[in-house]
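Okay, structure first, notes after.
Remember, it's 1-based here, ligands and their atoms both numbered in the order they're listed. The analysis underlying the following values was restricted to heavy atoms, covering all of them including side chains, and did not include hydrogens, waters or symmetry mates.
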Amino acid sequence: MAVFVHSFVTGVLALIILCFVPTLEQSDNYIIHMDSSFMPKAFSDHHSWYLATVSSLAQSPSPNVRARASAASTSRLIYSYTHVIQGFSASLSPSELEALKKRPGYVSSLKDLPVKADTTHSTQFLGLNSNAGAWPTSDYGKDIIIGLVDTGVWPESPSFNDDGMTAIPSKWKGECEVGTQFNASMCNRKLIGARFFNKALIAKYPNVTLSMNSTRDTEGHGTHTSTTAAGNYVKGASFFGYAPGTATGVAPRSRVAMYKALWVEGPYSADIIAAIDQAIIDGVDVLSLSFGLNGVPLYEDLIAIATYAAMEKGIFVSTSAGNEGPLLQTLHNGTPWVITVAAGDMDRDFGGTITLGSGVSIAGSTLFPGDPSLGESPVVFADACNHTLLSKISPTNIVVCDDWSDIFSDQVENVQLAKVAGGVFITSSSDLNFFIRSSFPAIFLNPTDGETIKAYIKNSSEPTASIQFRKTLIRSKPAPSVASYSSRGPSPSCPVVLKPDILAPGSMILAGWPQKNPVSVVNSHELFSNFNLLSGTSMSCPHIAGVAALLRGAHPEWSPAAIRSAMMTTSYSTDSTNAPIKDTGSGFEPASPLAMGAGHVNPNKALDPGLIYDVTPQDYVDLMCAMNYTSKQIQIVTRSSSYNCSDSSLDLNYPSFIAFFSSNSLVSPTAQEFFRTVTNVGDGPSTYVVKVTPMEGYKINVEPDKLTFKEKYEKLRYKLTIEGPKQMNQKLMFGSVSWMDNGGKYVVKSPIVATSLSSEALTSRT
Ligand SMILES: *[C@@H]1O[C@H](CO)[C@@H](O)[C@H](O)[C@H]1NC(C)=O
Ligand SMILES: *[C@@H]1O[C@H](CO)[C@@H](O)[C@H](O)[C@H]1NC(C)=O
Ligand SMILES: *[C@@H]1O[C@H](CO)[C@@H](O)[C@H](O)[C@H]1NC(C)=O
Ligand SMILES: *[C@@H]1O[C@H](CO)[C@@H](O)[C@H](O)[C@H]1NC(C)=O
Ligand SMILES: *[C@@H]1O[C@H](CO)[C@@H](O)[C@H](O)[C@H]1NC(C)=O
Ligand SMILES: *[C@@H]1O[C@H](CO)[C@@H](O)[C@H](O)[C@H]1NC(C)=O
Ligand SMILES: *[C@@H]1O[C@H](CO)[C@@H](O)[C@H](O)[C@H]1NC(C)=O
């Protein structure tokens, strides 16, 4: 009887547990930081310790549940990491996570989150050429390996040909991993590594159907970024006749290693840091990461944590600022130990001409990839091009739309749906690049030229027009400028370090593309191409990775911070008309360092910067100490429980300055002091004098104002003081400080920002 009752009760309990387990005990992926000094001696390595820890978690009271859970637990460990963090990722239920928190060595855990991917001519624009400068000096980046964590590669892209490439550097430990439609013979002397990471994605969605279970790129982003950084020469490249020429990456002789972790099905951090971990093991020299995590402090930003390990190993890390501009404080990857890249527009316009029945021709912008011309057709003025009006227009007509309101994107869409012969858009939009690649014949005119066509239509009884496409105009306007979409500083995670760092070409970049991925749809026909034009900080980031490869090739002894410093202090901040670089996102006002960092990269100058601002890993620890991070938070980043906060300082030896002032007059004004140490990397003895560009209402003092170096690699220190007004009325003021050698060879320039924005760093995930 008693036995019966007992089994009845357990039967009911078991039933309840079985029914509720799936909802109550929903598993999720976590990244767990551990302290390996707690690892019992019985374990031979951390991997077996992590595995045993995860297996031991399922000790719940019911034997039934225990049996089910422990059967599954060996596969619940997703990755155990080697370099990037001290710890592992695992799929855990809430009660397993609670149990884990009580285990020896547990430091902290984070739920895995998806990251945000930031969606021929650019090398010429960078001033790179075969006669002198960074290309010949670095041997075109010959033995440098650029690793990218991205959406994969299309190995058949002509940019991955290995013509002229020498043998793979012997230090390389990477692999060409076999997978769906990908085998080891697809790698060569250009594409030397290909691996894919999707265990976290599959743990989260066990039933997911992967579009391609291999390093093969079905999205296109990774093919584009990797060929931007290090694509080989391809003659006769273009996008349907636009941007024609020889396509080449920034470092045409560097090697590409692709780590696919940005899956269309979900780009999870646990997979991404596994990819970075492997890239460190394989021996890459440079990492290019065109994605980021928004709104997290450094110790919760897994990309910041993983790249700290890369930096310690001497790997240069290039990251994208994000595409959330032009508002301030929108950038991601504002991490002190990486370079944060903003995106600029180049000196190139894609265009066409519209020829009116009167014989007058007007040039406009267009990137229509379809037929090269649209024959003479009736043209009508359709004002704001709303549906009502367009529905009355014959499909044989070209319509002219006037962008007098803020519905420009609607106008383009309306005309596309109306299926008329073509569209002429009169607009002053600063984001034209996103519209000109239309799927129907379209041309975009500025308001002045718009008046010409409007007057012609008004004055003519039977107005007609024809359009010719596929024209590329070089040096058409002041360049570069900061692209409106490029995310702005200050860095939410570390405001005391001025971010972004640098500006590089990001708009309408021509680079490799998967042949099977349509680049456009015209009249419901898909169009294909080996090259595509894309815009974003995703595109500017690999440019800087390529420049870093050239600098590493020329100066193998330089630290990542030295390479960053060389790029920043030699960058330029005036455009092709010798005026300050403009910000297309703020009414073409001069761009501030919160938009473009130090300025636009100049690879040939960066080769020989004169002085560098170097930073050691301990300097980054001193910064985190001064940010009042707890010992646990510092330990998460440094992966070591022994760190030293005795030299705590917010004043990192960085080649830029940002000072925070109050907009509240009750807070007494303070002069802010910065100390910097510069290393002489020029040849032999030299003397530098300081020059400061004035900032109205601010007193900037530099002591000493002269630095005399007796020898190469000597270090000298100076102090810069910024004294502000009692109350800062503007949001932002900026200027610069330059050290100039008396031989007239070097100008070592740093931007200075004074701001009344908040200096409070993010302290936890929102
Ligand atoms: C993907 O490929 C790997 C190895 O090539 C294999 O182990 C795994 O089961 C595959 N996953 C899926 C979802 O097809
Ligand atoms: C790899 O794939 C290519 C193209 O499908 C094929 O020609 C080649 O024989 C394959 N190589 C190996 C080693 O399987
Ligand atoms: C996954 O597929 C299995 C078998 O087809 C099914 O029983 C299960 O409910 C699916 N799980 C999810 C989360 O869709
Ligand atoms: C469409 O545009 C015409 C001419 O500009 C205007 O008279 C009409 O009110 C608009 N219709 C709608 C629905 O906005
Ligand atoms: C208007 O038409 C007349 C006669 O065809 C021509 O002389 C004149 O130049 C035209 N004006 C404009 C602004 O096109
Ligand atoms: C850190 O804490 C100290 C002492 O409480 C405080 O004075 C300082 O402003 C804090 N620093 C930051 C960056 O929050
Ligand atoms: C911490 O660093 C300071 C100066 O760099 C040094 O004097 C001190 O001995 C260090 N402390 C420890 C515990 O290593």
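- For atom 13 (C) of ligand 2, the closest non-hydrogen atom on the protein side is Ser185 OG, 4.1 Å.
- A cation-pi geometry, defined here as NZ or CZ lying under 6.0 Å from the six-membered ring centre and within 45° of its normal, holds between Arg676 and Phe657.
- Few gaps surround NZ on Lys171; more than 12 heavy atoms of other groups in view lie less than 6.0 Å from it.
- Short contacts between ligand 4 and Thr388, defined as distances under 4.0 Å to a heavy atom of the residue, involve ligand atoms 11 (N), 13 (C).
- Close approach of ligand 4 to Asp383 (heavy-atom distance below 4.0 Å) involves ligand atoms 4 (C), 5 (O).
- Against a heavy-atom cut-off of under 4.0 Å, Leu389 is close to the following atoms of ligand 4: 2 (O), 3 (C), 4 (C), 5 (O).
- Atom 10 (C) of ligand 6 lies below 4.0 Å from at least one non-hydrogen atom of the protein.
- A donor-acceptor contact shorter than 3.5 Å links the side chain of Asp217 to the backbone of Thr223.
- Assignment of Ala626 to the shell around ligand 6 is supported, since a heavy atom sits closer than 4.0 Å.
- Shown in contact with Asn628 at under 4.0 Å from a heavy atom are these atoms of ligand 6, numbered in order with element: 1 (C), 2 (O), 3 (C), 8 (C), 10 (C), 11 (N), 12 (C), 14 (O).
- Contact annotation for Met186 and ligand 2: only side-chain heavy atoms (C-beta onward) come within less than 4.0 Å of the ligand.
- Using a cut-off of 4.0 Å between Lys/Arg side-chain N and Asp/Glu carboxylate O, Lys458 and Glu451 are scored as not salt-bridged.
- Not a single protein heavy atom sits closer than 4.0 Å to atom 5 (O) of ligand 6.
- Closest to atom 3 (C) of ligand 2, if we only count protein heavy atoms, is Asn183 ND2, 3.6 Å.
- Taking the centre of each ring, Phe182 and Phe196 stay at or above the 6.0 Å mark.
- At least one donor-acceptor pair under 3.5 Å links the side chain of Ser756 to the backbone N or O of Gln730.
- Look at Asp402 and Lys454 and you find a salt bridge, because one of the NZ, NE, NH1 or NH2 atoms lies within 4.0 Å of a carboxylate O, short of that distance.
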